[in-house]
A.B. asks: 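Provided herewith is a single structure, encoded as structure tokens, for subsequent inquiry.
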Amino acid sequence: MSLSRRDFLALLAAPASMALSGCVTIPEQTPYRGKQVVIIGGGFAGATAAKYIKRLDASIEVTLVEEQLSYSTGPANNWVLGGLRSLHSITFNYRTLREKHGIHLVPDTALRIDPVRKIVHLKKGLILPYERLIVAPGAELRWDSIDGYSPQVTQTMPHAWRAGAQINLLRAQLLSMKDGGTVIISIPPPPYGCPTAPYERASLLAHYLKQFKPKSKLLIFDAQDDFALQNLFIEGWQQLYGFGTERALIERIAGNAGGEVKGVNVSQHAIVTANGEQRAEVINIIPPQQAGLIAREQGLTDVTGWCPVDPLSWESSTVPNIHVIGDASLASPMPKSAFAANSQAKSCAMAVVASLNARAFSGPTWMNTCYSLLSPHYGISTTMVYRYRNAQIAQVAQAGGQTPAESNKQLEAVYADSWYNNITQEAFG
Amino acid sequence: MAIKVALLGWLSLFCGALWAEEVANIELIAFNCFTCHGEDGRSQGAAPALRGLPGKYVQQTLEDYRASLRPGTIMPRIAKAYTSSEIKALAEYFAQFKQ
Ligand SMILES: Cc1cc2nc3c(=O)[nH]c(=O)nc-3n(C[C@H](O)[C@H](O)[C@H](O)COP(=O)(O)OP(=O)(O)OC[C@H]3O[C@@H](n4cnc5c(N)ncnc54)[C@H](O)[C@@H]3O)c2cc1C
């Protein structure tokens with residue numbers, strides 16, 4: 001038989017080196033207000049955390065505040081743009097979380113947090129008390145860094161960065177463009193999730209053009225000099241889209257060649273760079289990003305615009321009893337991704353459940369994988385395992401890395417699809 | 001439940017014995033495997049289900065991935081992150097689920 005809980009705690013209380021090596025007992029909060037967890041944001045981070053808290057301790061009351069009734073995922077968003085999937089197939093609702101997992105769903109916007117009274121104020125007037133609060137609002141687009149680009153302009157130059165209507169708009173523009181037209185994708189400086197997502201998008205738009213509008217051209221205007229998995233993307237683009245030849249479907253203007261888009265000229269339907277203006281039939285602007293509004297307004301962010309945390313528990317470095325996970329958090333060297341958000345959610349859930357039960361939690365580890373499709377039958381990936389070392393997130397040196405050159409790309413495309421099914425089932429199923 | 005109890009055993013064993021070393025939480029590693037292999041090892045796609053696979057098989061397979069003796073699109077890159085004792089514990093974790 002294994003140890004009783006008391007033995008376990010006694011064991012944990014012993015060595016003094018424990019705090020140093022990451023095994024901490026988080027004391028129960030006073031005044032005690034029951035085991036109530038409130039989660040703001042039902043994306044990959046928030047929804048997965050809600051499910052895992054319930055899984056680990058069904059007696060905890062979990063309330064998930066999400067302002068949208070349905071959620072279209074970032075991953076597979078490019079697959080819809082490329083015609084590989086329907087928007088419907090990447091859109092999820094919260095019914096299963098409520099009905100099967102006993103999570104309280106509140107379809108509302110969290111407006112304000114009072115960390116002293118430990119309550120959250122919602123837009124429709126409801127006030128939610130919490131013992132622990134998990135803030136997972138994701139990333140938001142910034143409107144202050146591309147001159148002339150604004151929410152109104154997205155109606156003609158879509159960002160298509162999530163949001164179903166924007167995806168439909170970009171896809172419709174692509175479908176109605178004449179053969180021989182030019183498509184521009186503007187890629188911002190990092191960070192954004194996934195680091196490979198804009199390049200996957202470029203690939204799958206090229207896949208569409210190759211089939212239906214082969215005289216067209218796709219121009220990538222990139223704020224960055226180099227990008228994630230660059231060698232694998234270039235190799236794939238050479239094989240699939242004639243990259244680097246006269247008949248290339250994809251051309252890339254790197255940051256050091258003036259690729260950064262500084263503004264847009266709406267009346268000319270053009271982008272503006274250091275080299276001047278470039279017109280195009282279809283313009284997709286992916287703007288720079290920052291942590292969601294609620295995180296910024298509550299003092300959870302630092303100068304970077306993202307939220308510093310202690311990765312042992314994902315508790316905010318600035319406000320106690322509030323945990324920040326997912327895209328909004330500062331989790332370097334983990335990238336911003338659905339996989340990372342899922343991984344952070346699971347370790348945060350464990351830490352929160354341990355804390356609410358006055359138990360110890362130690363030894364968190366995390367994982368990330370970003371799959372990218374260059375065509376429906378050509379997949380690549382980058383993966384990494386992380387451990388908690390010296391109170392920080394550390395990459396495991398001998399592990400991870402990108403798809404080896406000789407790997408079977410067709411099989412990776414199949415596994416990318418499989419991953420998508422599993423991670424969305426974890427969050428919403 | 002059996003799994004939770006077993007894991008608690010594992011954890012406490014580690015906390016007592018090997019504390020100087022960094023000790024990973026086995027259940028949490030397994031949760032991360034779920035992201036590709038499905039919740040509780042029930043895969044919803046082409047990635048193999050891990051649920052109920054014989055512990056010895058999973059252990060040997062992971063050791064082979066780790067030593068680059070077994071080909072795979074991604075597992076050789078992932079398995080290299082774990083120690084032999086973590087691999088053994090992970091194999092036991094997945095073996096505890098009924099098929
Ligand atoms: C085109 C594209 C492709 C991508 N491809 C991949 C990929 O292949 N692999 C991968 O791993 N990742 C990928 N990503 C990244 C991935 O989508 C994000 O990293 C992930 O969604 C982050 O999860 P999150 O829960 O932190 O935030 P989000 O998914 O953004 O969820 C945040 C949620 O919080 C809600 N919310 C915000 N504020 C409030 C508030 N105040 N009150 C109530 N609700 C609120 C929002 O409505 C939203 O539903 C891609 C992203 C994009 C855009």
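The chains referred to below are lettered A, B, ... by the order of the sequence lines, with proteins before strands, and numbering in each begins at 1. These figures come from a predicted structure and were not determined experimentally.
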A.B. asks: Where does Thr369(A) contact chain B at under 4.5 Å (heavy atoms): side chain, backbone, both or neither?
C.D. replies: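 Side chain only.
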A.B. asks: Under 4.5 Å from any heavy atom of chain B, what part of Tyr386(A) do you find: side chain, backbone, both or neither?
C.D. replies: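 Looking at Tyr386(A), nothing touches chain B.
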A.B. asks: So, taking the atom named NZ in Lys51(A) and the one named CD in Glu39(B), what distance separates them when rounded to the nearest 0.5 Å?
C.D. replies: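 The NZ atom of Lys51(A) sits 3.5 Å away from the CD atom of Glu39(B).
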A.B. asks: Is the closest side-chain heavy-atom distance between Glu27(B) and Leu56(A) below 4.5 Å?
C.D. replies: yes
A.B. asks: Which distance, rounded to the nearest 0.5 Å, do you find between the CG of Asn422(A) and the OG1 of Thr35(B)?
C.D. replies: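 So the gap between those two atoms works out to 8.5 Å.
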A.B. asks: Could you tell me whether the side chains of Asn408(A) and Thr73(B) share a donor-acceptor contact shorter than 3.5 Å?
C.D. replies: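 Not at all, the side chains of Asn408(A) and Thr73(B) share no donor-acceptor pair under 3.5 Å.
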A.B. asks: For the interface with chain B, which of Ala349(A), Ser407(A), Ser381(A) has the highest count of heavy-atom pairs at distances below 4.5 Å?
C.D. replies: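 When all of Ala349(A), Ser407(A), Ser381(A) are compared, Ser381(A) has the most.
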A.B. asks: Picking from Ser43(B), Pro48(B), Cys36(B), what satisfies side chain to side chain contact (heavy atoms under 4.5 Å, CB included) with Ser418(A)?
C.D. replies: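 With Ser418(A) as partner, Ser43(B), Pro48(B), Cys36(B) yield a single side chain to side chain contact (heavy atoms under 4.5 Å, CB included), made by Ser43(B).
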A.B. asks: Kindly compute the distance separating CD1 (Ile74(B)) from CG (Leu411(A)), expressed to the nearest 0.5 Å.
C.D. replies: 11.0 Å
A.B. asks: Tell me the closest heavy-atom pair linking Arg77(B) and Ala399(A), and the distance in Å.
C.D. replies: O-CB, 3.5 Å
A.B. asks: Measuring heavy-atom distances to chain B, does Phe44(A) have an atom under 4.5 Å in its side chain, in its backbone, in both, or in neither?
C.D. replies: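 The answer is neither part of Phe44(A).
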A.B. asks: Out of Ser362(A), Ser343(A), Pro364(A), which one pairs with Leu28(B) under the side chain to side chain contact (heavy atoms under 4.5 Å, CB included) rule?
C.D. replies: Pro364(A)
A.B. asks: Is there a donor-acceptor pair under 3.5 Å between the side chain of Gln44(B) and the backbone N or O of Asn421(A)?
C.D. replies: no
A.B. asks: Let me know if Met350(A) has heavy atoms under 4.5 Å from chain B in its side chain, its backbone, both or neither.
C.D. replies: side chain
A.B. asks: Give, for atom CG of Asp40(B) and atom CD of Glu426(A), the distance between the pair rounded to the nearest 0.5 Å.
C.D. replies: 8.5 Å
A.B. asks: State, with a plain yes or no, whether a side-chain heavy atom of Asn342(A) is found less than 4.5 Å away from one of Phe34(B).
C.D. replies: no
A.B. asks: Any idea which heavy atoms bring Ala24(B) and Arg387(A) closest together, and the distance?
C.D. replies: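 Heavy-atom minimum between the residues: CB-NH1, 3.5 Å.
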A.B. asks: Below 4.5 Å from any heavy atom of chain A, which atoms of Arg66(B) appear? Answer side chain, backbone, both or neither.
C.D. replies: neither
A.B. asks: In terms of heavy-atom proximity below 4.5 Å to chain B, should Thr383(A) be classed as side chain, backbone, both, or neither?
C.D. replies: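 Both backbone and side chain.
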